[in-house]
*Asks:* 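I am attaching a structure below and will ask some questions about it afterwards.
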Amino acid sequence: MTTSSRPRADLRVALFATCFNDTMWPGTPRATVRLLERLGVRVEFPMAQTCCGQMLTNTGYAGEAVPLVRRFVDVFGGYDAVVAPSGSCVGSVRTQHPMIAEPTGDAALVGRVAEVGPRVHELSEFLVDVLGVTDVGAYFPHRVTYHPTCHSLRLLRVGDRPLQLLRNVRGIDLVELPGAEECCGFGGTFAMKNADVSIAMGSDKARHVVDTGAEVLVAGDNSCLAHIGGILGRQRSGVRQLHLAEILASTEEDPA
């Protein structure tokens, strides 16, 4: 039986909060849990979870990421599904972990990575593809524009799943972001190694956001929101930044 055909309460689902969210934006994984529980999903939080190893891999230290890959499959291997509010980290698990495991020559690790990876889902993927839900009962009466982050767009190919979910939010005024598919310039360590280019790209993105007249910028990765939001903040634009999970978790009784 596939996970999509099983009753929601019967699925053993783990939250992969990601180290970035856990450290800087804990409200996002909390919102993810509130949303999933409202939809009848029982969510577990494995306390042994750590970083997925993306920063090491992206900076050329793939060998040093091997222990984190081993830990990931150990921690999450027993779950039917793993949900993370981060296209970046899910993209790392599904695309980088196999590349890290293969050179070790450890057939058991390679096999476990191949088994666990497909069960790891970015939030919008899990909602639309696994639960089969596009209307999560959210309420958010604000003018909103959506930025599709690079990893979710290009690695995971989430397509319009986040937009399907946002279009069904009651009260929302969802406006198209010009140049939406252009990178915001964050790119993890790229923003530190190539700061001038990163800021220029982020400034273009911020200008497009302001041009929409949106009150709120939403995305599926807080890292990108932090980069664009920093520029918007320095410009005193008044535009808020919210993760997709926080908007979808918002209701009339418990607004974001």
*Asks:* Heavy-atom distance under 4.5 Å between the side chains of Arg119 and Asp80, does that happen here?
*Replies:* no
*Asks:* Hydrophobic side-chain clustering at under 4.5 Å (ILVMFWY, transitive links): who's grouped with Tyr61? Put none if nobody.
*Replies:*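 Its cluster partners, ordered by chain and number, are Leu56, Leu68.
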*Asks:* What is the minimum heavy-atom distance between Leu244 and Ser124, and which atoms define it?
*Replies:* CD2-CB, 4.2 Å
*Asks:* Is the shortest side-chain heavy-atom distance between Thr32 and Leu15 below 4.5 Å?
*Replies:*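 Thr32 reaches Leu15 side chain to side chain.
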*Asks:* Going by atom types only, do Asp221 and Ser88 share a side-chain donor-acceptor pair under 3.5 Å?
*Replies:*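 Result is no, nothing qualifies.
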*Asks:* What heavy-atom pair brings Ala214 and Val175 nearest, and what distance separates the two atoms?
*Replies:* CB-CG2, 4.4 Å
*Asks:* Can you tell me how far the CZ atom of Arg170 sits from the OH atom of Tyr139, to the nearest 0.5 Å?
*Replies:* 7.0 Å
*Asks:* Please name all residues satisfying side chain to side chain donor-acceptor pair (under 3.5 Å) with Arg34, sequence neighbours left out, ordered by chain then number.
*Replies:* none
*Asks:* Taking NZ, NE, NH1 and NH2 as the nitrogens, is one of them in Glu44 or Arg12 under 4.0 Å from a carboxylate oxygen of the other?
*Replies:* yes
*Asks:* For residues Gly220 and Thr149, report the shortest heavy-atom separation together with the two atoms involved.
*Replies:*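 In terms of heavy atoms, the two residues are closest at N-CG2, 4.4 Å.
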*Asks:* Is any side-chain heavy atom of Leu131 closer than 4.5 Å to one of Phe126?
*Replies:*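 Counting from C-beta outward, Phe126 and Leu131 do come under 4.5 Å.
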*Asks:* Whether the Thr18 and Asn21 side chains hold a donor-acceptor pair (N or O, under 3.5 Å, no angle test) is what I'd like checked.
*Replies:* yes
*Asks:* Any chain of hydrophobic side-chain contacts (each under 4.5 Å) joining Val82 to Leu35?
*Replies:* no
*Asks:* Are Gln49 and Phe16 close enough that some pair of their side-chain heavy atoms sits under 4.5 Å apart?
*Replies:*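 Heavy-atom side-chain distance check passes, below 4.5 Å.
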*Asks:* Hydrophobic cluster membership, with links at side-chain heavy-atom distances under 4.5 Å among I/L/V/M/F/W/Y: are Phe45 and Leu39 in one?
*Replies:* yes
*Asks:* Using side-chain heavy atoms (C-beta onward) and a distance below 4.5 Å, is Leu127 in contact with Arg161?
*Replies:*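 A side-chain contact under 4.5 Å is absent here.
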*Asks:* Evaluate the criterion side chain to side chain contact (heavy atoms under 4.5 Å, CB included) for residue pair Gln164 and Val128; output intermediate values, then yes/no.
*Replies:* CA-CA 9 Å; Gln164 290 181 51; Val128 175; 4.2 Å; yes
*Asks:* To the nearest 0.5 angstrom, please state how far the NE2 atom of His227 sits from the SG atom of Cys183.
*Replies:* 7.5 Å
*Asks:* Between Gln96 and Asn58, do the side chains contain a donor N or O and an acceptor N or O under 3.5 Å apart?
*Replies:*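 Gln96 and Asn58 do have a side-chain donor-acceptor pair below 3.5 Å.
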*Asks:* Between Arg30 and Glu246, is the closest basic N to carboxylate O distance under 4.0 Å?
*Replies:*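 Salt bridge between Glu246 and Arg30, a charged N being under 4.0 Å from a carboxylate O: no.
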*Asks:* Indicate whether any N or O donor in one side chain lies under 3.5 Å from an N or O acceptor in the other, for Ser152 and Glu122.
*Replies:*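 No - no donor-acceptor pair under 3.5 Å links their side chains.
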*Asks:* Does anything in residues 149-184 form a ring pair (Phe, Tyr, Trp, His ring centres under 6.0 Å)? List the pairs, not counting sequence neighbours.
*Replies:*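 Of all non-adjacent pairs touching residues 149-184, none passes ring pair (Phe, Tyr, Trp, His ring centres under 6.0 Å).
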*Asks:* Here's a test for you: under side-chain contact (heavy atoms from CB on, under 4.5 Å), which of Ile172, Asp135, Thr134, Asp160 qualifies with Arg167?
*Replies:* Asp160
*Asks:* Looking at CD of Glu215 and NE2 of His142, how far apart are the two atoms once the value is rounded to the nearest 0.5 Å?
*Replies:* 6.0 Å
*Asks:* Please report the C-alpha distance between Val120 and Val83 in whole Å, then the side-chain angles of each, then the deciding distance to 0.1 Å, and finally whether the side chain to side chain contact (heavy atoms under 4.5 Å, CB included) criterion is met.
*Replies:* CA-CA 6 Å; Val120 182; Val83 183; over 6 Å; no
*Asks:* Clusters formed by hydrophobic residues whose side-chain heavy atoms approach within less than 4.5 Å: which one holds Val210, and what are its other members?
*Replies:* Leu177, Val209, Leu217, Leu225, Ile228, Leu232, Val239
*Asks:* Take Arg42 and Asp10, measure what salt bridge (charged side-chain N to carboxylate O under 4.0 Å, His left out) needs, and give me the verdict at the end.
*Replies:* CA-CA 8 Å; Arg42 295 175 57 188; Asp10 288 347; over 6 Å; no
*Asks:* Do Asn168 and Val136 come within less than 4.5 Å of each other through their side chains, counting heavy atoms only?
*Replies:* no
*Asks:* Decide yes or no for Val218 and Leu166: does some side-chain heavy atom of the first lie under 4.5 Å from some side-chain heavy atom of the second?
*Replies:*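 With C-beta onward as the side chain, the pair touches.
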*Asks:* How close do Gly87 and Leu156 get, counting heavy atoms only, and between which atoms?
*Replies:*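 So the two residues come closest at O-CD1, 3.5 Å.
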*Asks:* Provide the closest heavy-atom pair for Gln235 versus Ala206 in the form atom of the first, atom of the second, distance.
*Replies:* OE1-CB, 4.2 Å
*Asks:* I'd like to know if Glu181 and Arg154 make a salt bridge, using a cut-off of under 4.0 Å between side-chain N and carboxylate O.
*Replies:*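 Between Arg154 and Glu181 there is no salt bridge, as every charged N stays at least 4.0 Å from the carboxylate O atoms.
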*Asks:* Supply the atom-to-atom distance Leu165 CG to Leu174 CG, rounded to the nearest 0.5 angstrom.
*Replies:* 11.0 Å
*Asks:* With a 3.5 Å cut-off and no angle check, do the side chains of Thr212 and Glu176 form a donor-acceptor pair?
*Replies:* no
*Asks:* Kindly compute the distance separating CD (Glu102) from CG (Leu109), expressed to the nearest 0.5 Å.
*Replies:* 10.0 Å
*Asks:* Salt-bridged, Arg71 to Asp74, with N to O below 4.0 Å?
*Replies:* no
*Asks:* Is there a path of hydrophobic side-chain contacts, each under 4.5 Å between heavy atoms, that joins Val90 and Val158?
*Replies:* yes
*Asks:* Enumerate the ring pair (Phe, Tyr, Trp, His ring centres under 6.0 Å) contacts for residues 77-110, please, sequence neighbours excluded, ordered by first and then second residue.
*Replies:* Phe72-His97
*Asks:* With hydrophobic residues grouped by side-chain heavy-atom distances under 4.5 Å, do Val33 and Leu11 end up in a single group?
*Replies:*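 Both belong to a single hydrophobic cluster.
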*Asks:* Could you go through the side chain to side chain contact (heavy atoms under 4.5 Å, CB included) check for Thr59 and Lys193 one step at a time?
*Replies:* CA-CA 10 Å; Thr59 47; Lys193 293 179 177 179; 3.8 Å; yes
*Asks:* What are the two closest non-hydrogen atoms of Ser250 and Pro255, and how far apart are they?
*Replies:*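 For Ser250 versus Pro255, the nearest heavy atoms are OG-CA, 3.4 Å.
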*Asks:* Trp25, Val43: one ILVMFWY side-chain cluster at the under-4.5 Å cut-off?
*Replies:*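 Different clusters.
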*Asks:* Go through Leu248 and Val169 one step at a time and tell me if the side chain to side chain contact (heavy atoms under 4.5 Å, CB included) criterion holds.
*Replies:* CA-CA 7 Å; Leu248 297 181; Val169 173; 3.9 Å; yes
*Asks:* Using a 4.5 Å cut-off between side-chain heavy atoms of Ile, Leu, Val, Met, Phe, Trp and Tyr, which other residues end up in the same hydrophobic cluster as Met201?
*Replies:*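 Besides Met201, the cluster holds Phe190, Val197.
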*Asks:* Do Phe186 and Ser198 have side chains that get closer than 4.5 Å, going by heavy atoms?
*Replies:* no
*Asks:* Mind checking the NE2-SG spacing from His243 to Cys224? Nearest 0.5 Å is all I need.
*Replies:* 10.0 Å
*Asks:* Sub-3.5 Å donor-acceptor pair from the side chain of Lys205 to the main-chain atoms of Ala180, do we have one?
*Replies:* yes
